[in-house]
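Count residues from 1 along the sequence.
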Amino acid sequence: MTGRDGRAEVVELGSVPGFVVFDLPGAPLSAGGTRLAPDVSVAEVAVLARSMTYKFAALGERVGGAKAGVRGDPADRAGRAALMARFCAAVRPLTDAGRFLTGPDMGTAEEDFAPLRERRAAPAAIRAVVAGVPFEDLLTGYGVAVAAETALGGGSEGSKGSKGSKGLDGRSVAIEGFGKVGGGVAREVGRRGGRVAAISTVAGCLADPSGLDVDRLLTLRQAHGDGCVLHYGRPVMSPHQLFTEVNADVLVPGTRPGAIDAQTARSLPPGVRVIAPAANAPYTEEGAEVLRERGIVALPDFVCNAGAVIGYRSPADATPDQVLSAVEARVGELIRAALGHPAGPLAGACEQAGGFLRSWWGEPPGPPFAPAM
């Protein structure tokens, strides 16, 4: 079997500007989403594939991590449809052979993968619409909120978080990125009694310590996309000021890898207590160490954002409520276990995932840290 030297396999796609990265070449099955962005790179997708390896291992699944990258403009609806149709045709041999499973990631949606669902349909719940929102848009954000609440002492089985805390109830959350996942996080934070103190998009950062009106922001997002922050009626800061000016209890990195490097970790306001990532690989190794030194709880991204994987691997006839219950139970269980590690939950989850990889693959590749820039 190949690929046990820690090097990923990159498959370039000839008919489309894109590629697939297999983190564990030779694994019988690999899976992970397809990211669509004008500047998506092999290096970025490789660290995302590593995160998927650790995500499946944390969930006890003998599946290698993989990710695909396609260069294009997600906002160009007509162009995106044609581009993704060509992508599906290009990867069809890999999916038909049972080697690669893929689905939505940043810039893509479940509808983009219709040609690949003819032989392997997504569970019915994934295709459902709940309260007017595609269920796939809710899943990842739901798991992130569960993880944050567990770390703050909430959850049905208690946790090793803050003594006497009620989880997200009354807590403030800052969310980097207000796309479908960020919107899902915001909805669920509000449902659990928290308030969204800030959001950011590429157009800027909005903050209100008393809590932003999430429903209004979601309506503005439908009309203006990332420009929703410009139409809310409050002062708009630069996007990165979410990390330096917002003193929220929970920070949710939600866009590209490496957002929490050492400099950013040192700049976080003193009130930040928990990092609950919606994005994969948000930490550099140096950034994670600074967080540990500061006593900020760095939750493992590959557990926090595992909701979609749990959903896609649910029984075909599972209802949305059953999928959400499974996400709540599994993410909460894994976060509670990781919180007990003496070096912190990120180290604890990496250790647990590494142990599972050793049981079927061999010596695991290194943890999914983004490279320092």
Using modelled atom types and a 3.5 Å cut-off, is there a donor and acceptor pairing between side-chain atoms of [X] and backbone atoms of [Y]?
| X | Y | result |
| --- | --- | --- |
| S172 | D249 | yes |
| R99 | P28 | no |
| R330 | I310 | no |
| S314 | V323 | no |
| R294 | A265 | yes |
| R192 | A145 | no |
| T201 | D226 | yes |
| E136 | A109 | no |
| N305 | A279 | yes |

Relative to each other, are the rings of H224 and H231 parallel, tilted or perpendicular (30° and 60° limits)?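 Because their plane-to-plane angle is under 30°, the rings of H224 and H231 count as parallel.
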Can you spot which of V189, V297, V274 makes a side chain to side chain contact (heavy atoms under 4.5 Å, CB included) with V250?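 When V189, V297, V274 are each tested with V250, the side chain to side chain contact (heavy atoms under 4.5 Å, CB included) holds only for V274.
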Please report whether the ring centroid of F356 lies less than 6.0 Å from that of F56.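 F56 vs F356: aromatic centres not under 6.0 Å.
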State, to 0.1 Å, how close C304 and I335 come at their nearest heavy-atom pair, and which atoms those are.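 In terms of heavy atoms, the two residues are closest at SG-CD1, 4.4 Å.
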Answer yes if the side chains of [X] and [Y] hold a donor-acceptor pair under 3.5 Å, and no otherwise.
| X | Y | result |
| --- | --- | --- |
| Y283 | E289 | no |
| D23 | T53 | yes |
| S238 | Q241 | yes |
| E328 | Y142 | yes |
| D105 | T108 | no |
| D321 | T319 | no |
| T255 | E176 | yes |

With a 4.5 Å cut-off on side-chain heavy atoms, are [Y] and [X] touching?
| X | Y | answer |
| --- | --- | --- |
| Y54 | D301 | no |
| I126 | L139 | yes |
| I296 | R273 | no |
| P345 | V303 | no |

Ionic contact status for [Y] with [X], cut-off 4.0 Å:
| X | Y | value |
| --- | --- | --- |
| E118 | R92 | yes |
| R171 | E149 | no |
| D208 | R234 | yes |
| D112 | R80 | yes |
| E44 | K67 | no |
| R256 | D39 | yes |

Should V45 and V47 be regarded as members of a common hydrophobic cluster, given that ILVMFWY residues are connected when their side-chain heavy atoms come within less than 4.5 Å of each other, either directly or indirectly?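 Shared cluster, no.
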Please indicate whether E286 has more than 12 foreign heavy atoms, meaning atoms of other residues, nucleotides or ligands, lying under 6.0 Å from its CD.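 Counting neighbours around CD of E286, more than 12 heavy atoms of other residues, nucleotides or ligands fall under 6.0 Å, so yes.
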List in chain and number order the residues that pass side chain to side chain contact (heavy atoms under 4.5 Å, CB included) with V10, two or more places apart in sequence or in another chain; answer none if no residue qualifies.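 With neighbours one apart ignored, the set is E12, F19, V21, V42.
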